[in-house]
Amino acid sequence: MLEDKTLLMEMLRRMIRIRLFEERVIQLVERGEIVGAAHSYIGEEAVAVGACLALRDDDWMTGNHRSHGHPIAKGGDVKKAMAELLGKSTGFCKGKGGSMHLADFSVGILGESGILGSSIPTAVGAALGSVLQGNDRVAVPFFGDGASNEGAFHESVNLAAIWKLPVVFLCENNQYAVSSSFKKMVASENISDRSAAYNIPGVLVDGQDVIAMYEAVSEAVARARAGQGPSLIEGRTYRYYDHSLGLGRIVRAPYRDDEEVEQWKQRDPISIHKERLLAQGIATQEEIDSMEAEVLAEIDDAVEFARQSPYPEPEALFEDMFANPIPLE
Amino acid sequence: MLEDKTLLMEMLRRMIRIRLFEERVIQLVERGEIVGAAHSYIGEEAVAVGACLALRDDDWMTGNHRSHGHPIAKGGDVKKAMAELLGKSTGFCKGKGGSMHLADFSVGILGESGILGSSIPTAVGAALGSVLQGNDRVAVPFFGDGASNEGAFHESVNLAAIWKLPVVFLCENNQYAVSSSFKKMVASENISDRSAAYNIPGVLVDGQDVIAMYEAVSEAVARARAGQGPSLIEGRTYRYYDHSLGLGRIVRAPYRDDEEVEQWKQRDPISIHKERLLAQGIATQEEIDSMEAEVLAEIDDAVEFARQSPYPEPEALFEDMFANPIPLE
Amino acid sequence: MTQTLTREITLTQALNEAMREEMRRDERVFIMGEDIQSGVYGASAGLAAEFGMERVRDCPLSENAFMGAAVGAAAVGMRPIVESAFCFMWVAMDSLVSQASKMRYMFGGQVNLPIVYRSSMYYGGSMAAHHSDRSYPIFMHIPGFKVVFASNAYDGKGLMKTAIREDDPVIFCEDRTILGSRGYVPEEDYTIPFGVADVKREGSDVTIVAIGGMVGLALQAAEALSQEGISAEVIDPRSLVPLDLETILGSVSKTGRLVTVDMAHKTCSAASEIAALVAMEGFWSLQAPVQRLGAANVHIPFSTALEPLCYPTAATIAEAAKATLE
Amino acid sequence: MTQTLTREITLTQALNEAMREEMRRDERVFIMGEDIQSGVYGASAGLAAEFGMERVRDCPLSENAFMGAAVGAAAVGMRPIVESAFCFMWVAMDSLVSQASKMRYMFGGQVNLPIVYRSSMYYGGSMAAHHSDRSYPIFMHIPGFKVVFASNAYDGKGLMKTAIREDDPVIFCEDRTILGSRGYVPEEDYTIPFGVADVKREGSDVTIVAIGGMVGLALQAAEALSQEGISAEVIDPRSLVPLDLETILGSVSKTGRLVTVDMAHKTCSAASEIAALVAMEGFWSLQAPVQRLGAANVHIPFSTALEPLCYPTAATIAEAAKATLE
Ligand SMILES: Cc1ncc(C[n+]2csc(CCOP(=O)(O)OP(=O)(O)O)c2C)c(N)n1
Ligand SMILES: Cc1ncc(C[n+]2csc(CCOP(=O)(O)OP(=O)(O)O)c2C)c(N)n1
Ligand SMILES: [Mg+2]
Ligand SMILES: [Mg+2]
């Protein structure tokens, strides 16, 4: 049984940080302060947090369009994240990326990609870099159940498997791709079953249990660092909100019933972890309350910082295209 | 045990037809009468013949760059095939396709594709057509061990599996992709193992035994016609010659040793079938000899036909782009 | 009757009507796309309810497979409509180029491929670099596609019907910035042929060639220019392949001046191509340098402070027109 | 010394030398491709023997994955060279466009992507529609790539060294029709900057802009034209992105006449783009219609009776030049 209190508390802190960040994002979208598409990670916090806490700061990670949970879990600065969502020059990407393209290379966040499956090969390449550079940095691409049907998934897992690259393929199976149930779209029963096609370990994990996620990913990371190659981990989870907030592909038709949503909310990852910490006497209610207060203050600061930050100057339009710039018009 | 003599003899005839056709192609390439790339099917005849004889004439088939065996096995006209290889207007494709793009829609040959994996979705679409049109025509895409690492393979098998389409995915595992051994490049032990990722039957078959191929494919075809969905069949086989004749990507370095080649030649698909027919008293040496003489005459005629045929006229350059033509320059 | 004559619907509704009517007319027509069965917005809305889940098919996130499956289905006699967007076509380029565009010619004309690839463009809505592609010039460069562009509801319905009845692969460009704009659309069945440009406004001083959402901006520019006594002619090619060069050349022979407007990146754009063609075929009519407008040669930034700077506007179009008259 | 000065090697050998020398110079440089370890022909020949299987990597037939892995490797500090061909890039377009071309800008310049995509063109050898792609204009249209073209061994070595040392993604076009042609290449280390066109032949009557294998044909045309007393200037841009428009405009201001030559399909080609730019920037210098030559707008047919009709020839280039003088 995991007993490291600092770690257990950090799990809770990061999950709460994502939850409160996302709740604020919903408000900002409704107020029109955040434009474009924004995909809520609420309900899935344990997956990214459990996985990222099994990594070192210098390990690599790539993500997808559901893009706020991964960077926060990996230790990204919420100020810069919020500023990016508001399109400000102080954001991770100077306002050029926005919600779907958060990235912070300084803490190993190689970027969130809006195109499904697109960032999986990137992670494989980062892991190839570790091998060529003779270090033991691991790469974790996050992708959804829907994206596991993209050709990039197949090619990337096979490539990592034959080259024994230090990759942990992390499928966040929240059971739907927009309105499409994975039961209809994925031919295998579990996505983790697909590991058989590549002779690598495939593990189905309770994605609502941050400790289960942490332990499964830790084992895969150990394998990877030891040069034993990649693993495929499926975190079975659920998104509480609609596919996308604001713009994007909103689907109203009842592709899932409220009952199902309610049942899953009964297994809220944050409540589960909280109750466990209390039950096991690892944390007191006071500690948890003050932690929540601290994180709430962080998020308030982040929003304040984002709001106060300037928009990029028009000149920025032609900047950052090339390391060695050329005339552009 | 299969006893239908007509069928057993037709198996032999089509394998011999492919073998003699390919031997003539080698001569014509050496004489410079065939230009461009040509990929020899010699050694692999049992795979295409066993598979295609398990099909009806109105079933569909797509192929790849190793492109002469499939159409001949499916019943394509060798005259038109040879004329196409010589770039003549009487060829399957009026000389526009050449070796890598033989096609004869009239007998269900939806075409050979030079780009790896590229024709697999086409076959899936033809099978979708069967479902939408309410007929029971099956589609068989042929592809290599190397192509099983293309994303198109993964996406196509999953699509056919979730829609229960009548497709028999036929992987010709000749164990190398140009100079690359599948043991190094395919993470799973057998390519047929990959069926686990899609919950469909996966069968490894002796690709040198035409009856084994015929029986395995027949079973998969029956499933498909019955609406039970696709199967993945791996025919383990071997190519006797280098990857490509003439132009194309010739690799001289010893990526496989002569011993291995010799061992496989000991299991020549035509000899195996011949000897079996003789041993079982199904055919006499005389019948077989006269069959070979007939096929040889066919091939001679085909070469003669191709040589006598005219090249396309210059006007043909701008023809066939569109069903509803537009001005082109 | 007046009711009919004044019937105004959005471009999205016009596309929906075109598909609905063609699906009623020809049972070989069916639709493939992502989340189209449950969609209550968008051009496919309600089609699953009328035509069922077999003919309105939700696909897995395997664009290369289902865009290629459209080719196979078309090859055996079906008439697929594929709903997607340019930004999601990169993963499917092989099926689009190696199969859809090449198959007919490569096989000597043995097969027709009646496929409509509905290609949305989400630019202009802070969707950032991955969701703002407008890559139709690529499909002009690759032989084998017909490339169509609707700038209003009326054209949208007529062009979509032609596209569905066409026996060749069509890239049907759908400009998100105008999908919601309303226009008169009659109830009667009608089609608009490919390769026939439409003069959206007549003028004598300068020719402005624009497509999709740029047409509306060009018309605003023309209106503004008229205040300054400049008479601009606005031409909408409606299809880029085939291109009605005659109408464009005719206009330039009248005005002597050309502005081409594109929402794709400038380099190797439709605007470049039209500029080049006029410099070749209409050179002696030209009395001033051609003005080519297009999106900046950068990827589309997210920030509302930057994205609007990428595209032509009514103002920059008017400026360009004036520049040809200096 | 004279030996060195007269050292003639093929373009393929020049590319091989460039890669070899840069791999010796910088251990972050490595190569990915298909069947390159065992290749005894081709530009990678012998590199595996010297640098080992780790730095010269045979990849599975998963182009989208390994071309995307090149992006990830570059993002963490490596300098990959990817050996492939335009015809095999369709399956990898998403990694090329969504990642390689967009990543730097989309992430606000946080990362440099020093990647060389070696892109062969097999046209002209009866390889038919699937193996004859020359789709560099597409990579000019998509922002984020530098697009480079060598027309001889000397340029090839110098440009390849620059490409490998460049911190941005480079599409390095390799024209199979000239890979075997020999030219003088010094033994000393040298590089050729991007964006600097080379005047391959000076002339005063007409400007011919050509790339890759078309340069040799343009020079033949110029030679033939000189017999008829026509003085043609032949310009090789060497890089299409960035493009040295100044040199082209300078030449046109002298000659007043322009022929652009491309082996890609005409529509939305490099030849179109250069024609458009001159019609914009150099209009007042032009004394005759621009002549744009390129491949026919059809896919490449197999038959030797048809394929040669697709591309510009020395004869058609000379004709076009004369047409500008009528
Ligand atoms: C290649 C591609 N196709 C389609 C889309 C549109 N799209 C964005 S998110 C999404 C659903 C993704 O589902 P999943 O991978 O399960 O991730 P989730 O949204 O459930 O977290 C779709 C279809 C896209 N972004 N990229
Ligand atoms: C997408 C793509 N990548 C690379 C190539 C070049 N190529 C042609 S055949 C071949 C090997 C194919 O191996 P396999 O699929 O096993 O078929 P085989 O040649 O062994 O029959 C390669 C790499 C290609 N045609 N298409
Ligand atoms: Mg999902
Ligand atoms: Mg093989």
Side-chain angles (χ1 to χ4, degrees), chain A residues 60 62 84 89 91-98 100-106 110-111 113-115 117-133 137 139 141 150-160 162-163 165 312 316 319-328, chain D residues 27-28 30 32 54-55 57-78 80 91-92 94-95 97-115 143-146 162 165-169 193-195 239 241-243 245:
Chain A
W60 306 113
T62 67
E84 189 61 36
S89 60
F92 279 135
C93 311
K94 306 179 186 168
K96 288 189 166 112
M100 287 192 281
H101 302 300
L102 301 181
D104 184 352
F105 285 64
S106 68
L110 297 180
S113 274
I115 301 302
S118 195
S119 68
I120 304 178
T122 309
V124 170
L128 172 59
S130 300
V131 169
L132 291 168
Q133 291 163 359
R137 298 164 82 167
E150 293 286 352
F153 163 81
H154 171 68
E155 296 189 6
S156 298
V157 181
N158 186 69
L159 187 63
I162 62 171
W163 286 354
L165 300 179
E319 292 164 2
D320 301 321
M321 275 299 296
F322 293 104
N324 178 14
I326 65 175
L328 293 172
Chain D
E27 63 180 11
R28 295 168 304 173
F30 73 104
M32 294 198 277
E54 283 291 301
R55 284 182 72 192
R57 307 184 77 88
D58 273 356
C59 296
L61 309 185
S62 309
E63 291 79 6
N64 196 44
F66 72 76
M67 294 198 196
V71 175
V76 303
M78 299 304 293
V91 297
D94 185 61
S95 288
V97 177
S98 300
Q99 299 301 321
S101 88
K102 293 181 177 177
M103 186 181 274
R104 190 178 201 285
Y105 189 77
M106 187 164 79
F107 295 155
Q110 285 185 65
V111 61
N112 294 345
L113 297 177
I115 310 169
F145 293 109
K146 293 179 177 174
T162 302
R165 296 180 195 182
E166 190 79 354
D167 281 332
D168 295 305
F194 295 167
S239 69
V241 180
L243 177 69
L245 185 58

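As the structure is a computational prediction, the values presented were derived from the model and not from experiment. Just so it is clear: chains get the letters A, B, ... in the order the sequence lines come, proteins before strands, and each one is counted from 1.
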A.B. asks: Answer yes or no: is there a side-chain heavy-atom contact under 4.5 Å between D:Met106 and A:Cys93?
C.D. replies: no
A.B. asks: Which atoms of D:Glu54 are under 4.5 Å from chain A, going by heavy atoms: the side chain, the backbone, both sets, or neither?
C.D. replies: both
A.B. asks: Counting heavy-atom pairs closer than 4.5 Å to chain D, which one of A:Leu132, A:Leu110, A:Ile120 comes out on top?
C.D. replies: A:Leu132
A.B. asks: Give the member of D:Leu113, D:Leu243, D:Val91, D:Val111 that has the highest number of heavy-atom pairs under 4.5 Å with chain A.
C.D. replies: D:Val111
A.B. asks: Taking the side chain as every heavy atom from C-beta outward, state whether A:Leu128 and D:Phe30 have any atom pair closer than 4.5 Å.
C.D. replies: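 Yes, close enough: below the 4.5 Å cut-off.
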A.B. asks: Less than 4.5 Å apart, side chain to side chain, heavy atoms only: is that true for A:Leu159 and D:Ser62?
C.D. replies: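 No; the side chains remain at least 4.5 Å from each other.
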A.B. asks: For residues D:Asp167 and A:Asn324, determine if any side-chain heavy atom of one lies less than 4.5 Å from a side-chain heavy atom of the other.
C.D. replies: no
A.B. asks: Can A:Lys96 be said to sit on top of D:Phe107's aromatic six-ring, NZ or CZ under 6.0 Å from centre and within 45° of the ring axis?
C.D. replies: no
A.B. asks: Heavy atoms only, distances under 4.5 angstrom: which of D:Gly68, D:Ser101, D:Gly109, D:Ala65 has the most pairs with chain A? Name it, please.
C.D. replies: D:Ala65
A.B. asks: So for A:Ala123, is it side chain, backbone, both, or neither that comes closer than 4.5 Å to the heavy atoms of chain D?
C.D. replies: neither
A.B. asks: Please confirm whether the backbone N or O of D:Leu61 pairs with a side-chain atom of A:Glu155, one donor and one acceptor, at under 3.5 Å?
C.D. replies: no
A.B. asks: Working to the nearest 0.5 Å, report the span between CZ of A:Phe153 and CG of D:Asn64.
C.D. replies: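 So the CZ of A:Phe153 and the CG of D:Asn64 are separated by 14.0 Å.
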A.B. asks: Just so I know, are the side chains of D:Arg57 and A:Trp163 near enough to count as touching, which here means a heavy-atom distance under 4.5 Å?
C.D. replies: yes
A.B. asks: Name the member of A:Glu319, A:His154, A:Arg137, A:His101 that forms the most heavy-atom pairs with chain D at distances under 4.5 Å.
C.D. replies: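 So the answer, after comparing A:Glu319, A:His154, A:Arg137, A:His101, is A:His101.
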A.B. asks: Please classify the contact between D:Met103 and chain A as side chain, backbone, both or neither, with a heavy-atom cut-off of under 4.5 Å.
C.D. replies: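 Side chain only.
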A.B. asks: What part of A:Glu84 gets within 4.5 angstrom of chain D, counting heavy atoms only: side chain, backbone, both, or neither?
C.D. replies: neither
A.B. asks: Do D:Asp94 and A:Glu150 have side-chain heavy atoms sitting under 4.5 Å apart?
C.D. replies: no
A.B. asks: Is any side-chain heavy atom of A:Met321 closer than 4.5 Å to one of D:Arg104?
C.D. replies: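 Side-chain contact under 4.5 Å: no.
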A.B. asks: What is the distance from atom NZ of D:Lys146 to atom CZ of A:Phe322, rounded to the nearest 0.5 Å?
C.D. replies: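 Rounded to the nearest 0.5 Å, the NZ-CZ separation comes out at 5.5 Å.
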A.B. asks: Quick check on A:Asp104 against chain D: is it the side chain, the backbone, both or neither that has a heavy atom closer than 4.5 Å?
C.D. replies: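 Both backbone and side chain.
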A.B. asks: Measuring from atom CD of D:Gln99 to atom OG of A:Ser113, what distance do you get when rounded to the nearest 0.5 angstrom?
C.D. replies: 3.5 Å
A.B. asks: Looking at D:Cys59, D:Ser95, D:Pro60, which has the largest count of heavy-atom pairs under 4.5 Å with chain A?
C.D. replies: D:Pro60
A.B. asks: Checking heavy atoms, do the side chain of A:Ala316, its backbone, both or neither come under 4.5 Å from chain D?
C.D. replies: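 Backbone only.
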A.B. asks: For chain A, which of D:Met78, D:Arg28, D:Gln110 has the most heavy-atom pairs under 4.5 Å?
C.D. replies: D:Gln110
A.B. asks: Against chain A, label D:Glu63 side chain, backbone, both or neither, depending on which of its atoms sit under 4.5 Å from a heavy atom there.
C.D. replies: backbone
